[in-house]
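Below is one structure, written out as structure tokens, with a few remarks after it.
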Number of protein chains: 2
Amino acid sequence: MKEHSVTIYDISEQAGVSIATVSRVLNNSNNVSEATKKKVLDAIKNTGYTPNAFARGLGLNTMKTIGILAADSSDLYLAKAIYYFEENLRNNGYDSLLCCTGYALKDKKAAIDLLISKKVDGIILVGSNFVYPDACDNKYIINAAENVPVMLLNAELEGNNIYCVSSDDYKSMYKATGELLSSGIKNILYFYNSLSYSGALKERGFRDAMKDAGINVSERQLQYFEGAREDIHGMMAQLDKVASGGHKFNGVIAADDTLALSAVKYAKSKGYKIPEDFSVIGYNNSMLASCSDPELSSIDNKLETLCQKLTEALMGVLSGEEMPKKTVFGGELIMRETTRKKK
Amino acid sequence: MKEHSVTIYDISEQAGVSIATVSRVLNNSNNVSEATKKKVLDAIKNTGYTPNAFARGLGLNTMKTIGILAADSSDLYLAKAIYYFEENLRNNGYDSLLCCTGYALKDKKAAIDLLISKKVDGIILVGSNFVYPDACDNKYIINAAENVPVMLLNAELEGNNIYCVSSDDYKSMYKATGELLSSGIKNILYFYNSLSYSGALKERGFRDAMKDAGINVSERQLQYFEGAREDIHGMMAQLDKVASGGHKFNGVIAADDTLALSAVKYAKSKGYKIPEDFSVIGYNNSMLASCSDPELSSIDNKLETLCQKLTEALMGVLSGEEMPKKTVFGGELIMRETTRKKK
């Protein structure tokens, strides 16, 4: 690809102004009247050329590119979201650029700056880990939103030019816990591996459902898994440790399907019959649900819909429409083979 | 992030040349002597500012950004590769920008153009689907390599500024087939879902190993799965159809772990004992290997090593070193629970 060779000479000639004036316009200087600015911008348009990256980068035209940030592209859930966004954006005539940031705040900041320096038209933050409990740590999002609209998937943050689309993780988890309880499973372990905003909502959903059923939740019943996201054996070992430590449970509600699948493998290794003697509910309704044997009951948080609606919202914002700042969808518990029918 | 406000006035003053001359340099015009060009570039450096995106975009400084192209970020194998590349690049002080292109050639072309317009320092093509059998279709890669070094993971293409790092898929599949044969399994079905360059190598490895063992391979023994990459039930149904169509098999070698996992589930559903009566070998040694029950024997094609070596090669190229055009690593069969010991 060759850079297009239009120079400010052509523009200067067409607009009938000096090169210095063209340059002032290109540099967004304030010392140019609106009328002159218009002359120059018209001249640029009139050259008949597609503006090159340089010119487009100066705001003469949109790049038609959206920046996507995700912590980890190899996380099943985030990978799926990225996939849906790419597809939706392409269907809307937009390219996308993805930065995988890892989970460190400084890398997230650097990535958002990088995308803005690439003149993206908007930014999508995929996953709730981008929003921190301490407001100061969210300054980088607020700042980014001064430049371009920022869309949050499954997270919430108030601010100008910031729009949130999420699934009601609290309610989904509350309902799933209720289902398990009403099927006769009372000794439920909550198994999780994320301390994010959405992670906190899920946990609260579990706690409240237990409380509302009159069941005290002990801290041992909430098991946080610190290891690698794919370490099925490590997860199984942790469940085994809890049980052999004297805490009995005959059900697991997991904050993600990998954890749930490990619970199924754990229960089978101990000779439990699933779902008769041991029930499991996962979260995300990912491909792991059908990889598991028996297949996982799992909460479908409607990721495809969320991604589609978020893209629509972004397109609306970019075309100047008034869009809702916050959109929340409900989830759905998909019953498969790891839960029994209601008693 | 505010755009830095350095203008060509500052540079013009510092360099002692006219604004028109600065502009010519910025526009890479030929009508400037090397001496004058140097004066201008020095002046830009001497402003003491970090060049902004605009200046860097004009080649005044490297963007320290690598473009990554992958067909589908939600494919387990590609997602993992992207993860490793991002990490390796970050450790080398490089940002990365990912475009998920889908599998259509025109979208791949558009994405590579987009990345070059973003002034990336190099491009990594993740996965063998970027190289086509027809040389004309690979012109977009050759063209891109005129601008920046292009690195291919698990694909091969000759050309200036093109470097390939791959795993020996032919040999890995040849050896895996040999292992299964020597364990006493003779009626092996080859189950695959990719027609890519690497896919073709795997298939040839299977065919040659069978041939060298004196076994004729019928076309029914090579099963191509056309459905979605996560459709475990669709895969099981296809295996069932083959068997009920009269073609008996007691072993499956799969070109990817998802297919292998479906074969395990199929065999269990038919009451086969694994590995005694039915053996399975997967490919990629992904997280699905431990999700499966029994756990999958699978070929580890050393993805992490490949990604690390490819990044090293790219860094070498960027710093002007002579690097090998082609680097090939061997794979390793990881034996787990779906294969029996040699007879």
Side-chain angles (χ1 to χ4, degrees), chain A residues 1 3 5-9 19-20 23-24 27-29 52-54 56-58 63 65 68 72-76 79-80 82-83 86-87 90 95-100 102 107 110-119 143-144 147 230 232-233 258 261 264-265 268 287-288 290-293, chain B residues 1 3 5 7-9 19-20 23-24 27-29 52-54 56-58 63 65 68 72-76 79-80 82-84 86-87 90 95-100 102 107 110-111 113-119 143-144 147 230-233 258 261 264-265 268 287-288 290-293:
Chain A
M1 222 185 78
E3 279 301 318
S5 63
V6 72
T7 71
I8 63 175
Y9 304 109
I19 290 166
S23 178
R24 277 193 207 97
N27 284 291
N28 262 323
S29 162
N52 63 12
F54 156 49
R56 280 181 293 161
L58 288 164
M63 306 293 275
T65 307
I68 301 177
D72 175 0
S73 65
S74 76
D75 175 276
L76 273 179
K80 205 81 197 175
I82 293 164
Y83 175 81
E86 296 265 356
E87 191 180 44
R90 202 187 345 260
D95 290 313
S96 46
L97 287 174
L98 171 67
C99 285
C100 298
D107 293 328
I112 219 167
D113 285 350
L114 174 70
L115 286 175
I116 289 175
S117 80
K118 301 288 179 191
K119 303 287 177 192
N143 290 345
N147 295 276
E230 303 188 353
I232 305 276
H233 293 144
T258 316
L261 188 143
V264 169
K265 292 193 82 167
K268 281 162 73 182
M287 75 173 292
L288 293 186
S290 52
C291 285
S292 175
D293 181 15
Chain B
M1 223 188 78
E3 278 301 317
S5 64
T7 71
I8 63 173
Y9 304 109
I19 290 167
S23 177
R24 277 193 207 100
N27 283 293
N28 263 323
S29 161
N52 63 12
F54 155 47
R56 281 182 293 161
L58 288 163
M63 306 293 274
T65 307
I68 302 177
D72 175 0
S73 65
S74 76
D75 175 276
L76 272 180
K80 205 81 197 177
I82 294 164
Y83 174 82
Y84 290 133
E86 295 265 356
E87 190 180 45
R90 200 182 352 255
D95 290 313
S96 44
L97 287 174
L98 172 67
C99 286
C100 298
D107 293 328
D113 285 349
L114 173 71
L115 285 175
I116 288 174
S117 80
K118 300 288 178 189
K119 303 289 179 191
N143 290 346
N147 295 276
E230 304 189 352
D231 182 9
I232 305 277
H233 294 143
T258 315
L261 188 142
V264 168
K265 291 192 84 166
K268 280 162 75 182
M287 75 173 295
L288 293 186
S290 50
C291 285
S292 175
D293 182 15

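Worth knowing before you read on, the calculation uses all heavy atoms, side chains too, and leaves out hydrogens, waters and symmetry mates. Here is the naming used below: chain letters follow the sequence lines, and residue numbers restart at 1 for every chain.
Residues A:Leu114 and B:Leu97 form a side-chain contact, since some pair of their non-hydrogen atoms from C-beta on lies under 4.5 Å apart.
Heavy atoms only, all atoms of each residue included: A:Met287 and B:Leu288 are closest at CE-CD1, 4.1 Å. Closest of all the heavy-atom pairs between A:Ala79 and B:Ser74 is O-CB, 3.7 Å. Closest non-hydrogen pair, B:Ser96 versus A:Cys99, comes out as O-SG, 3.5 Å.
Heavy-atom distances place both the backbone and the side chain of A:Lys80 under 4.5 Å from chain B. Using a 4.5 Å cut-off between heavy atoms, B:Thr258 touches chain A through its side chain atoms alone. Looking at A:Leu115, only its side chain comes within 4.5 Å of chain B, counting heavy atoms on both sides. In this structure, chain B has a heavy atom under 4.5 Å from the side chain of A:Asp107, while its backbone stays farther away. Proximity to chain B (any heavy atom under 4.5 Å) is shown, for A:Glu230, by both the backbone and the side chain. Only the side chain of B:Leu76 has a heavy atom closer than 4.5 Å to any heavy atom of chain A.
The CG atom of B:Asp72 sits 10.5 Å away from atom CD1 of A:Ile82, with the distance rounded to the nearest 0.5 Å. Note that NZ of A:Lys118 is 8.0 Å distant from CG of B:Asp95, once rounded to the nearest 0.5 Å. The line from SG of B:Cys100 to CZ of A:Arg90 is 8.0 Å long, rounded to the nearest 0.5 Å.
Scored by the salt bridge (charged side-chain N to carboxylate O under 4.0 Å, His left out) test, B:Asp293 finds A:Lys268 as partners (sequence neighbours excluded).
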